[in-house]
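Each residue takes its place number in the sequence, starting with 1. Predicted model only: the values in this text are computed from it and were never measured.
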Amino acid sequence: MTRFPHAFFARVLCASGRSLVLCAALLAGCSDESDDTTTETTTTDPPTISIKSPLEGACVSIGEVPDVRIPFLLDVKALLLRPPGYCGDTKACGHLELSANGKVVGRGSGTVVEFPMIGVANRYDTFDVEIVVVDDGGAPLAGGEGSVLRATRTITTAASCDKGGGA
């Protein structure tokens, strides 16, 4: 026999084929442990975003095809990326807006955002690219110390980067 009569009673009821619900209720209500609870708080790092590629100042070979897209590979930390309208009240959640020379040209919700070259007047040029994390309403999200969560890169596009520019 066990030290605690309620444990014995619960075993007898379970063994006699009574409802599992009754057994669960009895066991849940009886405990030999203390009712003291501890609350553990965790701190999370502020969200960050950075561009892994293309490298700063890179020459990106885009050839002659009009619908070429330049992928920007991102490193994202402590940030939830979701399509517009899917974040709700979730903290550190948003989607990405890619701007080239001050004009928004692409959006995304993954760690790769594309810069579409179709419709760009001078496709062989130097571009100041900025990727900003925005909330469902389009307002920029804040990173550490209240700064806007963004990453920037300057790239040059050419039909061919044979002179060693590389992407």
Linking I/L/V/M/F/W/Y whenever any side-chain heavy atoms sit under 4.5 Å apart, do Val134 and Ile131 land together? no
Tell me, with the steps shown, if Leu74 and Ile51 meet side-chain contact (heavy atoms from CB on, under 4.5 Å). CA-CA 5 Å; Leu74 307 173; Ile51 300 173; 3.8 Å; yes
Shortest non-hydrogen contact between Val148 and Pro140, atoms and distance: CG1-CB, 3.7 Å
Just how far is it from atom CZ of Arg107 to atom OG of Ser99, taken to the nearest 0.5 Å? 8.5 Å
Reference residue Phe127; test side chain to side chain contact (heavy atoms under 4.5 Å, CB included); the match among Val120, Thr154, Thr156: Val120
Please check if the side chain of Asp136 supplies one atom and the backbone of Gly88 the other of a donor-acceptor pair under 3.5 Å. yes
Do Tyr86 and Val76 share a hydrophobic cluster, counting only Ile, Leu, Val, Met, Phe, Trp and Tyr and linking them when any side-chain heavy atoms are less than 4.5 Å apart? no
Connected via hydrophobic side-chain network under 4.5 Å: Val132 and Val105: no
Looking at every heavy atom in both Gly108 and His95, which two are closest together, and how far apart are they? O-CB, 3.5 Å
Please report the closest heavy-atom contact between Ser109 and Pro83, naming both atoms and the distance. CB-N, 3.5 Å
Backbone of Arg123 reached by a side-chain donor or acceptor of Thr157 within 3.5 Å: yes
Whether Phe115 and Phe72 hold their rings parallel, tilted or perpendicular, with breakpoints at 30° and 60°: tilted
Decide whether Leu96 and Leu98 are clustered together by the hydrophobic rule: side chain heavy atoms of Ile, Leu, Val, Met, Phe, Trp, Tyr closer than 4.5 Å, transitively. yes
Heavy-atom closest pair, residues Ala151 and Ser50: CB-CA, 4.1 Å
Please walk me through it: do Leu79 and Leu81 pass side-chain contact (heavy atoms from CB on, under 4.5 Å)? CA-CA 6 Å; Leu79 180 66; Leu81 295 175; 3.8 Å; yes
Should Ile155 and Tyr124 be counted in the same cluster of Ile, Leu, Val, Met, Phe, Trp and Tyr side chains packed under 4.5 Å apart? yes
Minimal heavy-atom distance between Arg69 and Pro116, with the atoms involved, is NH1-CB, 3.6 Å
Check each of Asp45, Ile49, Thr48 against Lys77 using the side chain to side chain contact (heavy atoms under 4.5 Å, CB included) test, and report the only one that passes. Thr48
Can you name the closest pair of heavy atoms from Ala78 and Ala92 and give their distance? O-CB, 3.5 Å
Counting only N and O atoms by type, is there a donor-acceptor contact under 3.5 Å from the side chain of Arg153 to the main-chain atoms of Ser53? no
